[in-house]
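The structure under discussion appears below in the form of structure tokens.
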Amino acid sequence: MPLPTPTLKTERLRLRPFADTDAEPLFALQSDAYVLRYWDSPPWTERARAEQFIARSREMAEEGSGARLVIESDSTFVGWCTLNSWNPEFRSASLGYCLARAGWGQGFATEAVGAVLGWAFDTLDLNRVQAEADTRNAASARVLEKLGFTLEGTLREDCVVNGDVSDSWVFGLLRREWFSR
């Protein structure tokens with residue numbers, strides 16, 4: 001069952017489906033080693049990866065497994081946010097996001113993720129959203145906590161990041177918690 005990718009607007013941001021024209025700023029973001037220092041895959045070195053990511057974003061929507069959205073501020077690419085592993089039977093999904101350094105420290109991640117969560121709980125009738133963050137990524141943990149996520153545990157040595165074995169925090173947000181904020 002297809003899952004149409006929405007266009008969402010907040011006070012300062014617009015979240016929309018990926019377009020082919022997003023390949024350059026997406027590649028710039030995903031090839032920035034500092035941005036990806038806590039990521040579980042290395043920075044991109046080939047522009048074709050951006051085109052593949054955009055194509056996969058469309059496939060996710062068509063197959064109904066999730067939605068990936070560009071985050072824009074004043075029509076400028078700031079990053080992206082995804083809701084994936086959508087399971088309508090369990091009413092659950094996973095959340096991810098990545099912002100360019102120019103968008104850090106301005107509340108864009110909290111604002112964008114909040115918009116996606118609002119859409120997910122309202123439109124998809126989710127009961128649970130899960131997110132993971134490298135235990136060294138305090139900024140990402142703060143974003144999730146501001147949005148009402150609860151730290152549920154630690155996955156010990158579950159990733160290798162830049163050659164280093166790394167732990168991940170698992171955060172969960174339940175429907176009732178979202179609506180009681």
Side-chain angles (χ1 to χ4, degrees), residues 1-30 35-36 38-41 44 48-100 103-104 106-133 137 140 143-144 146-149 168 170-179 181:
M1 166 170 113
L3 176 63
T5 304
T7 296
L8 307 171
K9 293 182 181 173
T10 69
E11 185 177 324
R12 301 177 300 157
L13 303 174
R14 179 174 176 245
L15 288 81
R16 60 163 177 80
F18 271 91
D20 292 338
T21 55
D22 296 314
E24 281 303 322
L26 175 63
F27 178 70
L29 169 64
Q30 297 297 135
V35 169
L36 298 183
Y38 303 126
W39 214 253
D40 58 0
S41 60
W44 295 350
R49 292 286 305 270
E51 293 158 2
Q52 294 165 357
F53 184 95
I54 292 169
R56 180 64 189 127
S57 299
R58 291 182 181 127
E59 289 171 10
M60 285 172 57
E62 289 169 13
E63 69 191 20
S65 64
R68 282 187 186 149
L69 299 124
V70 168
I71 304 168
E72 289 181 326
S73 173
D74 297 324
S75 299
T76 300
F77 183 100
V78 176
W80 57 269
C81 186
T82 186
L83 192 71
N84 55 39
S85 302
W86 179 44
N87 185 325
E89 184 179 341
F90 294 155
R91 297 175 45 218
S92 65
S94 294
L95 172 78
Y97 49 91
C98 188
L99 273 73
W104 292 0
Q106 300 178 57
F108 288 162
T110 304
E111 192 172 329
V113 172
V116 170
L117 290 169
W119 168 74
F121 283 116
D122 286 339
T123 304
L124 303 180
D125 191 35
L126 291 183
N127 185 60
R128 176 184 169 78
V129 176
Q130 182 170 307
E132 293 181 18
N137 193 344
S140 190
V143 166
L144 296 169
K146 281 187 225 174
L147 291 164
F149 280 81
S168 294
V170 177
F171 292 86
L173 178 63
L174 303 178
R175 177 183 188 79
R176 69 177 183 274
E177 295 166 340
W178 174 255
F179 285 113
R181 298 181 316 121

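Source: prediction; values computed, not measured.
Around atom CZ of R181, more than 12 heavy atoms belonging to other residues, nucleotides or ligands sit under 6.0 Å away. The neighbour count for D125 CG, taken as heavy atoms of other residues, nucleotides or ligands under 6.0 Å away, is above 12.
For the pair V70 and P17, the tightest heavy-atom approach, listed with the atom from each and the gap, is CG2-O, 4.3 Å. Minimum interatomic distance between G64 and W86 (heavy atoms only, all atoms of both residues): O-CE3, 3.0 Å. Between L173 and G148, the shortest heavy-atom contact is CD1-O, 3.3 Å. Of all the heavy atoms in S92 and L126, the pair that sits closest is N-CD2, 3.7 Å. Nearest heavy atoms, S94 versus S85: OG-CB, 4.1 Å. For the pair A67 and M60, the tightest heavy-atom approach, listed with the atom from each and the gap, is N-CE, 3.9 Å.
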task: Could you go through the side chain to side chain contact (heavy atoms under 4.5 Å, CB included) check for L29 and F77 one step at a time?
output: CA-CA 9 Å; L29 169 64; F77 183 100; 4.0 Å; yes
Step-by-step side chain to side chain contact (heavy atoms under 4.5 Å, CB included) determination, V113 to K146: CA-CA 11 Å; V113 172; K146 281 187 225 174; over 6 Å; no
message: Assess the residue pair L95 and L144 against the criterion (side chain to side chain contact (heavy atoms under 4.5 Å, CB included)); give the C-alpha distance rounded to whole Å, side-chain angles, the decisive distance to 0.1 Å, and a yes or no.
response: CA-CA 10 Å; L95 172 78; L144 296 169; 4.0 Å; yes
Test log, rule side chain to side chain contact (heavy atoms under 4.5 Å, CB included), inputs W119 and L15: CA-CA 11 Å; W119 168 74; L15 288 81; over 6 Å; no
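Of the possible polar contacts, none joining the R68 side chain to the T82 backbone as a donor-acceptor pair under 3.5 Å is found. In terms of modelled atom types and a separation under 3.5 Å, the side chain of Y97 and the main chain of S140 share a donor-acceptor contact. Judged purely by atom type and a 3.5 angstrom limit, R49 has no side-chain atom pairing as donor or acceptor with the backbone of F27. A distance-only check finds a donor-acceptor pair linking the side chain of W104 to the backbone of L99 [under 3.5 Å]. Between the R14 side chain and the T7 main chain, no donor and acceptor come within less than 3.5 Å of each other.
With rounding to the nearest 0.5 angstrom, the CG atom of L3 is 6.0 Å from the OG1 atom of T5. W39 CH2 to Q30 CD: the interatomic distance, rounded to the nearest 0.5 Å, is 6.0 Å. Distance CD1/I71 to OG1/T76: 13.0 Å, rounded to 0.5 Å. With rounding to the nearest 0.5 Å, the separation of CD in E177 from CG in N127 is 9.5 Å. Here CG of L13 is found 10.5 Å from CG of L8. Values are rounded to the nearest 0.5 Å. Rounding to the nearest 0.5 angstrom, the gap separating the CD atom in E62 from the CZ atom in R56 is 10.0 Å.
Residue pairs satisfying the ring-ring contact (aromatic ring centres under 6.0 Å, His included) criterion with at least one member in residues 51-74, sequence neighbours excluded, are listed as follows: F18-F53, W44-F53, F53-W80.
Qualifying salt bridge (charged side-chain N to carboxylate O under 4.0 Å, His left out) partners for E111, counting only residues two or more places apart in sequence or in other chains: R12.
L147 is not listed as a side-chain neighbour of F171, based on a closest heavy-atom distance of 4.5 Å or more. Side-chain contact between F179 and D122: present, with at least one pair of heavy atoms (C-beta onward) separated by less than 4.5 Å.
Screening V78, L26, L36 against C98 for a side-chain contact (heavy atoms from CB on, under 4.5 Å) leaves a single residue, L36.
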